[in-house]
Amino acid sequence: MRGRLREIRSPTLVIVGTHDFICPPKWARQMHDALPDARLCELTGSGHFGHIEEPDRFTAAVLAFVHGRTAGRQA
């Protein structure tokens with residue numbers, strides 16, 4: 001499916017934990033780069049469960065995305 005990411009036209013938020021060994025930042029950056037309208041937020045204190053490990057930063061990133069602002073570390 002990676003080759004079809006460019007077809008997605010919806011704004012997309014990609015959230016990744018710096019220490020995620022299941023789906024590491026390398027893959028999140030590739031998704032971000034392939035999606036035409038994407039934002040990338042890297043949670044530096046998280047692994048695969050950013051919504052649990054850094055709930056405040058995770059929530060802030062989602063709310064900022066929904067409201068059209070930037071939050072977290074953007075790529």
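Predicted model only: the values in this text are computed from it and were never measured.
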Inset, instruction - Just grab all the salt bridge (Lys or Arg N to Asp or Glu O under 4.0 Å) pairs involving residues 46-56, residues at least two apart or on different chains. - result: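 Every salt bridge (Lys or Arg N to Asp or Glu O under 4.0 Å) pair that includes a residue of residues 46-56, provided the two are not neighbours, is Glu54-Arg57.
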Between [X] and [Y], is there shared hydrophobic-cluster membership here, with clusters defined by ILVMFWY side-chain heavy atoms closer than 4.5 Å?
X: Leu13; Y: Val66; value: yes
X: Trp27; Y: Val14; value: no
X: Val62; Y: Phe49; value: no

Can you sort out the partners of [X] under side-chain contact (heavy atoms from CB on, under 4.5 Å), two or more places apart, ordered by chain and number?
X: Pro11; value: Asp37, Phe65
X: Thr59; value: Leu63
X: Ile22; value: Asp20, His48
X: Arg9; value: Pro36

Inset, instruction - Output yes when a side-chain donor or acceptor of Arg6 lies under 3.5 Å from a complementary backbone atom of Ala34, and no otherwise. - result: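 The answer is yes, because a donor-acceptor pair under 3.5 Å joins these two groups.
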Legend entry - Donor-acceptor under 3.5 Å (Thr12 side chain, Ser10 main chain):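 It does hold such a pair.
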Minimal non-hydrogen separation, [X] against [Y], with atom names:
X: Leu5; Y: Leu35; result: O-CD2, 3.5 Å
X: Leu43; Y: Gly50; result: CD1-CA, 3.7 Å
X: Gly17; Y: Pro25; result: O-CG, 3.6 Å

Inset, instruction - Please identify each residue that fulfils side-chain hydrogen bond (donor to acceptor under 3.5 Å, both in side chains) with His19, with sequence neighbours left out. - result: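 Counting only residues at least two positions away or on another chain, His19 forms no side-chain hydrogen bond (donor to acceptor under 3.5 Å, both in side chains).
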Legend entry - For Arg2, all residues meeting side-chain hydrogen bond (donor to acceptor under 3.5 Å, both in side chains), sequence neighbours excluded: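 Expected list: none.
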